Novice: 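Okay, handing you the structure first.
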Amino acid sequence: MRRPGIFLEVARMRAPGVEYKILVQGQTHFRCERLHAEISTGECARRWQGATLRKHERLVSCQRCPIGAIHAQPESPPVAQNGTTPAPAPVKSSLCIRCGRPATRLIWGELCPSCSNREVEWRRGANGRGTAPILYKPIRLWRVGVVDRDGRVGWQKFSGQNFGEALARAVRAGYRLQGDRPGEPTWNAGAGRFEYRDDAGRVLLELEVDGRIEFVAVDHLRVGEVPASVTMPQMLVTPEEAAELLPVWLSDEELDQVGTDWRQVDLGCRSCRAGVLHARRRGGALECRCSAACC
Ligand SMILES: [Zn+2]
Ligand SMILES: [Zn+2]
């Protein structure tokens with residue numbers, strides 16, 4: 001039997017003029033005037049995020065709700081910032097950005113001693129015994145769907161050995177995660193590839209400006225132009241969903257790598273959109289949690 005994740009609502013910002021009450025331990029409820037219902041602040045935040053980021057029609061009453069916007073923030077108030085640069089998220093100083101393991105000391109402020117040793121060995125081209133490390137995956141850039149502090153939904157490139165690390169870097173830079181796709185993935189039989197198309201069927205090109213990615217729709221590709229690369233959608237799931245889905249999604253080999261210690265996986269947290277999920281094995285079951293400790 002799979003054990004669900006542990007459920008504790010994240011402490012959320014409180015809206016002025018709203019009366020809160022504790023009906024269930026670990027949760028805060030209030031009377032929502034728009035929904036004419038008693039709901040938890042966590043439910044409110046999820047609805048607001050769903051309405052704002054995903055534009056779910058059934059959540060239309062939650063769009064532009066100022067109380068939802070406040071509940072969607074974790075308890076620490078957002079830091080004042082200028083322009084479009086996101087304020088840095090609270091530093092999760094004890095978690096390695098690459099493997100997610102807690103460390104008493106992080107090298108370069110981000111890697112546990114084990115991950116940093118492997119990186120140093122790789123940079124040297126050889127490990128301590130003089131043989132080239134073969135298990136090291138080189139760092140590359142990943143396209144991460146993000147929402148900035150102004151609520152603008154977009155994509156940015158972040159580096160990482162794996163996608164989870166890129167997600168962790170985005171979160172640490174103060175962005176929230178989003179799982180939209182730039183366009184509809186469409187098979188182009190003539191070219192033998194998938195392409196993103198907009199609603200009018202135009203091909204999307206990917207332009208990068210200071211790490212920020214803009215998608216531009218064109219009717220025809222000019223010589224030398226390459227359409228935006230189609231990648232797997234950026235999955236955002238709750239820790240509970242991840243505990244159910246990972247045993248199905250992961251190969252046996254990948255599952256074997258999940259040991260009894262928490263390990264970061266390539267999934268963003270749908271509950272808070274401000275954390276990366278961790279998994280571990282416990283008594284034959286898979287447990288998942290969020291790096292932002294939201295649930
Ligand atoms: Zn590490
Ligand atoms: Zn979370």
Side-chain angles (χ1 to χ4, degrees), residues 4-13 26-27 40-50 53 71-76 89-123 133 135-139 144-147 159-172 174-179 234-243 245-246 257-280 287-295:
I6 298 155
F7 290 98
L8 279 179
E9 284 284 348
V10 64
R12 298 190 179 277
M13 291 269 288
Q27 294 186 13
S40 74
T41 52
E43 168 69 14
C44 170
R46 281 190 288 277
R47 290 185 64 100
W48 182 85
Q49 283 160 346
L53 304 179
H71 288 157
Q73 300 289 328
E75 195 171 36
S76 52
V91 180
K92 295 274 177 283
S93 57
S94 58
L95 295 183
C96 173
I97 207 163
R98 185 160 297 164
C99 68
R101 274 190 290 250
T104 47
R105 185 172 63 105
L106 289 180
I107 316 296
W108 310 310
E110 51 189 38
L111 295 180
C112 71
S114 161
C115 286
S116 76
N117 282 343
R118 279 191 211 162
E119 175 143 348
V120 168
E121 283 167 8
W122 183 76
R123 286 184 189 202
L135 291 175
Y136 185 87
K137 277 206 271 175
I139 309 294
V144 178
V146 292
V147 183
S159 64
Q161 200 176 48
N162 47 52
F163 188 55
E165 179 180 343
L167 292 175
R169 287 184 188 280
V171 164
R172 188 172 287 203
Y175 292 98
R176 282 178 178 263
L177 304 173
Q178 58 96 0
Q234 177 174 320
M235 291 296 295
L236 298 181
V237 294
T238 66
E240 182 195 27
E241 288 163 346
L245 291 168
L246 279 175
Q257 286 173 9
V258 180
T260 50
D261 290 334
W262 287 112
R263 193 176 181 83
Q264 185 166 276
V265 294
D266 293 350
L267 293 170
C269 175
R270 190 162 71 84
S271 299
C272 67
R273 295 174 183 267
V276 186
L277 296 185
H278 293 175
R280 75 171 173 188
E287 276 186 343
C288 293
R289 71 173 185 192
C290 166
S291 66
C294 70
C295 355

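Only this structure's heavy atoms are used, side chains among them; waters, hydrogens and symmetry mates stay out. All of these numbers come straight from a predicted model, not from anything done at the bench. Indexing begins at 1, ligand by ligand and atom by atom, following the structure's order.
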Novice: I need the SG(C272)-the Zn ion (ligand 2)-SG(C269) angle, rounded to 10 degrees.
Specialist: 110°
Novice: Compare all side-chain heavy atoms of L267 with those of L245 and state whether any distance is below 4.5 angstrom.
Specialist: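 L267 does not reach L245 side chain to side chain.
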Novice: To check your reading of the site, what angle at the Zn ion (ligand 1) do SG of C96 and SG of C115 form, to 10°?
Specialist: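 So the angle at the metal works out to 110°.
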Novice: To check your reading of the site, what angle at the Zn ion (ligand 1) do SG of C112 and SG of C99 form, to 10°?
Specialist: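 So the angle at the metal works out to 110°.
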Novice: If you round to the nearest 0.5 Å, how far is OG of S271 from CD of E241?
Specialist: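 Interatomic distance, E241 CD to S271 OG, rounded to 0.5 Å: 7.5 Å.
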Novice: Give the minimum heavy-atom separation between G268 and L167, together with the two atoms involved.
Specialist: N-CD1, 3.6 Å
Novice: Identify the residue among R169, R172, R98 that makes a side chain to side chain donor-acceptor pair (under 3.5 Å) with E110.
Specialist: R169
